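What follows is a set of notes on a single structure, which appears directly below.
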Number of protein chains: 2
Amino acid sequence: MAVGKCIFPPMHQVSGIRLGTCNAGIKQSERDDILLIEMVEGGQCAAVFTRNAFCAAPVTVAKKHLGRQPRWLLVNAGNANAGTGERGMQDALRSCRELAALAGGEAAQVLPFSTGVIGENLPIDKLTAALPKALAQLAGENWSRAAKAIMTTDTVAKGASTVIEINGRPVTITGISKGSGMIQPNMATMLAFVATDAKISQPLLQRCLSAAVEQSFNRITVDGDTSTNDACVLLASACAEAPEIMPDSEEYAVFSAAVQTVCQQLAEAIVRDGEGATKLIRIIVEQAENDAEAVLVAKTIAHSPLVKTAFFASDPNWGRILAAVGRAGLENLQLEQVEIYLDDVCIVAHGGRAAAYTETAGQAVMNQEEICVRVVLGRGRACQQVLTCDFSYDYVRINAEYRT
Amino acid sequence: MAVGKCIFPPMHQVSGIRLGTCNAGIKQSERDDILLIEMVEGGQCAAVFTRNAFCAAPVTVAKKHLGRQPRWLLVNAGNANAGTGERGMQDALRSCRELAALAGGEAAQVLPFSTGVIGENLPIDKLTAALPKALAQLAGENWSRAAKAIMTTDTVAKGASTVIEINGRPVTITGISKGSGMIQPNMATMLAFVATDAKISQPLLQRCLSAAVEQSFNRITVDGDTSTNDACVLLASACAEAPEIMPDSEEYAVFSAAVQTVCQQLAEAIVRDGEGATKLIRIIVEQAENDAEAVLVAKTIAHSPLVKTAFFASDPNWGRILAAVGRAGLENLQLEQVEIYLDDVCIVAHGGRAAAYTETAGQAVMNQEEICVRVVLGRGRACQQVLTCDFSYDYVRINAEYRT
């Protein structure tokens, strides 16, 4: 069960973008496990990928194809095609070739993506056999089905959608994501596919995506494990009537802010659906010397199993938060300057428990389903935010039973 | 329940060292929660402390007193006196003053240590009221009672003891440790007290301890959380008949190797008793460019909740180990060079699953209570080892219920 109300939002169709899903039998269930996204000719594609050195075969192929005017994204759930060596590369390339032959393009115009169990060979025959059906399903309205088709341990489908105005003309940004465990994206999240009908050059689209990912998918963590398959793609079909978005323009500022918002909504949905999550924890670190140390402190708190189990128990055991701040490794941290808050309740000040703190006040915050931890370092002006969830029995159960 | 047979070993008494324990009512149970260790005049003391910036009040005081010819170690369980601000400092100092007055020494000759819950004031009146009784109990034979008195969430008492020969004369090294959660010592473990009757200068004793800690307590992790109270002390009473141990001598080599062995045994005992542990995992990283990168890779594996839950489930989900190696952040890691073994079973080679690997072989290793993960990086000659345990339902239970 995801934390909070996770209503799948109304999804605005993106002109120039069609989606098709079907069941290929990879995930051993009746549900769709293949997603195909097609963009019209003349669109642009930007992407960011996992920094895990053991990146999966499809990630390697997608990186290589990114510069070749991609028009198709081919995604399968149920198998990550990671740790599969040369065979995995051949399988990923074959999926591109077969799709291109059916769709009338070049293999290099297909970006492949896989998510699921690591270390088992991709059932490539099942996958390719399903391609004609996925192609036959292509339609602009399939965003909700697409979001469901890429789920693995996810319990809810994840989507975000907005329409902005560029020079008085509407521009749509719509995206989906998946992810629940092995979540500490570094460069990108598990999988997220965002599309817009904006007209924009590829370099500017890439810049926009990289900035948005840094403030969204790179600011969430469920368990600190960076996946081998993380990827986030932004397609721009250029089908909107609005004029082309130019660098350093006001239009770019509006557009990139909207892309960032969609990415943040998709990222937050992943944390809310974190494996076994019962609470959403927003960690804000203020008055840091720079962004890097703010993120470091926030992630040290976010990764502490002791902090996460205390949140699960709704226990205002603030000593564990203080200990995590202390071990984050900041040079010359002045303890007397540090303040820590649970929502508006000050728990730590002047190097110890805040004078006015009461366990009742702390407990009231901890009982909530969504909690904000705010750390004021008193060292500078940088501020960063990281989202995470708690650590429950169900996290252990889900991951102990994952392959059974 | 600790992993494996955790028999408390026969403890050789250390001449010049006496120990006394008693119940001060700090831990809310009938058991002893105060330990007093006394060393004769003329001995030397070395110590290493936590690197957590929020170190506890007793750590701050003990660091200050270390250079003042300490003769008494005063330890309480049940309260960490951490996050207690100025009041905590005053309490720690008062405990030193009161003990010194009773024992006939200077306050600066007392090193205080506390372990237990963070953020609550030390019940200083209870502690000082118990001091006369602890002093009355002082005896050389109390090592087993001492090991029990410092336990918190520990399920077994932890000790190690050895007698070596220096120039044909016996020298004893005996120590105790405690710790079970909030364990990723950085510079020292939770608490460990080791004593020897060797004659040795303070600087050489400190060098010996620092080297031993680096290869023992700094190579274990339960949950990646570095405590605010970690400390490891080595007392040398100079009461042995063996001649003084001199720098760079063969005797120093023998002595420091024995100290390291005792520290490693005490450190391993902590991991075996890790909160909720059902398995002991020995992670060896070989052929690294340097020690630092070997430790980095080993600790990335050791801290991965996904790896730890897979071990709990006895699931040979080696993809999670591979993913952890990949995200450790090594520059220019050549995947084709990397090999990963579970005991003697090769699971990863040439960038993917080893050709000869079978799930049956992997499962057989995973079913064991003690498992060795060996990662061969193929980059150099450095080799380091880290010990950890698995991640179970009980870890969540213990830490969710810690304060209830």
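Throughout, protein chains are lettered first and strands after them, A, B, ... in sequence-line order, and every chain is numbered starting at 1. Please read all numbers here as calculations on a predicted model, not as lab measurements.
Aromatic ring orientation, Phe391(B) versus Phe391(A): perpendicular (interplanar angle above 60°, classes split at 30° and 60°).
Every residue two or more places apart in sequence or in another chain was checked for a ring-ring contact (aromatic ring centres under 6.0 Å, His included) with Tyr341(B), and none qualifies. With sequence neighbours excluded, the residues forming a side-chain contact (heavy atoms from CB on, under 4.5 Å) with Ala82(A) are Ala56(A), Ala80(A), Ile118(A), Thr228(A), Asn229(A), listed by chain and number.
Once rounded to the nearest 0.5 Å, the distance linking CD of Glu86(B) with CD of Glu336(A) reads 10.0 Å.
Under a cut-off of 6.0 angstrom, the local environment of NZ in Lys63(B) is crowded, with over 12 non-hydrogen atoms contributed by other residues, nucleotides or ligands.
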Evaluation steps, side chain to side chain contact (heavy atoms under 4.5 Å, CB included), between Arg353(B) and Asn121(A) = CA-CA 10 Å; Arg353(B) 182 166 53 183; Asn121(A) 288 324; 4.2 Å; yes
Just do the side chain to side chain contact (heavy atoms under 4.5 Å, CB included) check on Phe54(A) and Val338(B) with the steps written out, would you?
-> CA-CA 10 Å; Phe54(A) 272 108; Val338(B) 176; 4.0 Å; yes
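Contact of Tyr393(A) with chain B is made through backbone and side chain together, with heavy-atom distances under 4.5 Å. Using a 4.5 Å cut-off between heavy atoms, Leu333(B) touches chain A through its side chain atoms alone. Neither the backbone nor the side chain of Ser314(B) comes within less than 4.5 Å of any heavy atom in chain A.
Note: Gly119(B) leads Ala57(B), Ala328(B), Gly119(B) in heavy-atom pairs under 4.5 Å with chain A. Comparing Ile347(A), Val348(A), Leu322(A) by how many heavy-atom pairs each has under 4.5 Å with chain B, the most go to Leu322(A).
Each of Thr309(A), Asp394(A), Asp390(A) was evaluated against Val396(B); a single residue qualifies, Thr309(A), per the side-chain contact (heavy atoms from CB on, under 4.5 Å) test.
Between Tyr395(B) and Pro305(A), the closest heavy-atom pair is OH-CB, 3.4 Å.
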